[in-house]
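Heads up, the thing below is written out as structure tokens.
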Amino acid sequence: MKICIIGSYAKALVMTTDRIPLVGETLLGDHYRETFGGKGSDMAVQAARLGAEVSYIGVVGNDSFGLEFLDLMKSEGVTLEGIRQTTEKPTGVGFIIKDTNARNVIVVDMGANQLFSKGDIERHLKLIEEADVVLAQLEIPTETALYALKKAKELGKTTILNPAPAINLLSYDLSFVDFITPNETEARVTIGEMPEVELSHREVALELLKSGCGTVIMTLGGAGVEIHTSTNCTAVSACPIEVVDSNGAGDSFNASLAVAFGEGKELRDAVQFANAVAALCCTKWETVPSYHTRSEVEEFISKRRIYDET
């Protein structure tokens, strides 16, 4: 199957602490490391490791971080044709603080990703035309992400929007989005509500569906996933695992979902597959190092089925 990622990349600068600091507080951390980040980059790597033929459209800086990204994509077998390097802005950078309970806080300067334009999409429509599924997220200009998905739908492709970082989307026409995949917090933001507002998942999903999108796939962490259409809601259980690091699990889920749709899986089966892949990535630290290959995923699923049967 062929997947086109409408991408974002940011170099991740990571540190671990015993707990997340409070506002105005200074803590001592350790295990500083630099790793690959950005939702688009993560999705491309995970999809490629699952056996997809992956193309990537996006913008990075003409600097050392940008060159590292190109090397990563090349090593993972991702098509580089759609990647533009620029001297106008540096490659994006993210600062990540993780604690020993697998929680994290993240601040990102998107840098060159901010220059990703409709023109970049137009120049590489061939990559979208050749794809089975087109997956976008919002670490790039919203107009660019939505333009890419609209073009993809005009070309008859399956389209997925991961609305993260979340914004209010009710003023947008999302009729060209087949599947939108917020987590339960992001879902509330997409309808203009604060995360703490007391609405049921169903109420939130029905409001989001007013944007015209086809299906809301709401991820709930350890509580699994809910699939919402205008007429019903289906719950899919999470895979029980011991969480080491949840960072990047959402990107893993979305990439896996795209791969599953590209292979022709039905909706529930696709979500179950994506659940398993995302769960497995939570058993290792970081994003890219935690993404497993297709054979590893199949082994995990096989063992879990045996366990469930007993």
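Predicted, not measured: the structure shown is a model, and the values here were computed from it.
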For Phe261, check ring-ring contact (aromatic ring centres under 6.0 Å, His included) against everything at least two apart and list the hits. Phe179
Between Met110 and Ile140, is a side chain to side chain contact (heavy atoms under 4.5 Å, CB included) present by the stated rule, with each step listed? CA-CA 8 Å; Met110 293 315 300; Ile140 59 176; over 6 Å; no
Should Arg188 and Glu184 count as an ion pair when the cut-off is N to O under 4.0 Å?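 So Arg188 does not pair with Glu184 through a salt bridge.
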Looking at Glu122 and Lys151, is there a salt bridge between them, counting it only when a charged N and a carboxylate O are closer than 4.0 Å?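 A salt bridge is present here (some side-chain N lies under 4.0 Å from a carboxylate O).
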Ring centres of Phe69 and Tyr56 under 6.0 Å apart? yes
Co-members of the apolar cluster containing Met15 [side chain, <4.5 Å]: Leu13, Tyr32, Phe65, Val93, Phe95
Determine which pairs satisfy salt bridge (Lys or Arg N to Asp or Glu O under 4.0 Å) with at least one residue from residues 231-240, sequence neighbours left out, and list them in order.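 Residue pairs with at least one partner in residues 231-240: there are none.
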Under the side chain to side chain donor-acceptor pair (under 3.5 Å) definition, can you give me all pairs with a residue in [range], not counting sequence neighbours?
range            : value
residues 152-168 : Lys39-Asn162, Lys153-Asp178, Thr159-Asp178, Asn162-Thr181
residues 134-146 : Ser8-Gln137, Ser8-Glu139
residues 265-280 : Glu263-Lys265

Give a yes or no answer on whether the side chain of [X] reaches the backbone of [Y] with a donor-acceptor pair at less than 3.5 Å.
X      : Y      : value
Arg49  : Val288 : yes
Arg202 : Asn232 : yes
Asp63  : Thr91  : yes
Tyr291 : Gly248 : yes
Asn113 : Tyr9   : yes
Glu130 : Ile3   : no
Asn101 : Arg103 : no
Asn254 : Asp251 : no
Thr287 : Phe36  : yes

Quick one: list whatever passes side chain to side chain donor-acceptor pair (under 3.5 Å) with Asp132, sequence neighbours left out.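 Partners of Asp132 under the side chain to side chain donor-acceptor pair (under 3.5 Å) test: none.
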Just verifying a value: how many Å separate [X] [atom1] and [Y] [atom2], rounded to the nearest 0.5 Å?
X     : Y      : atom1 : atom2 : result
Gln46 : Ser256 : CD    : OG    : 4.5 Å
Ile6  : Leu161 : CD1   : CG    : 11.0 Å
Leu72 : Lys74  : CG    : NZ    : 12.5 Å

Side-chain heavy atoms of Leu206 within contact of His228, under 4.5 Å: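 A side-chain contact is absent here, since even the closest heavy-atom pair is not under 4.5 Å.
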Determine whether Thr283 and Phe300 make a side-chain contact, defined as any pair of heavy atoms from C-beta on separated by less than 4.5 Å. no
With a sphere of 6.0 Å drawn around CD of Glu242, does it hold more than 12 non-hydrogen atoms of other residues, nucleotides or ligands?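 Counting neighbours around CD of Glu242, 12 or fewer heavy atoms of other residues, nucleotides or ligands fall under 6.0 Å, so no.
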Passing option when Cys4 is tested against Val133, Thr79, Val134, Val54 for side-chain contact (heavy atoms from CB on, under 4.5 Å):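 For Cys4, the side-chain contact (heavy atoms from CB on, under 4.5 Å) check succeeds only for Val134.
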side-chain contact (heavy atoms from CB on, under 4.5 Å) with [X]: which residues, sequence neighbours excluded?
X      : result
Ser175 : Asp173
Thr86  : Val59, Arg84, Glu88, Ala112, Leu115
Asp30  : Thr16

Output side-chain donor-acceptor pairs under 3.5 Å for residues 208-219, partner residues at least two apart or in another chain, one line each.
unit_1 : atom_1 : unit_2 : atom_2 : d
Lys210 : NZ     : Glu207 : OE1    : 3.1
Ser211 : OG     : Leu208 : O      : 2.7

With sequence neighbours excluded, give me every ring-ring contact (aromatic ring centres under 6.0 Å, His included) pair touching residues 141-176. none
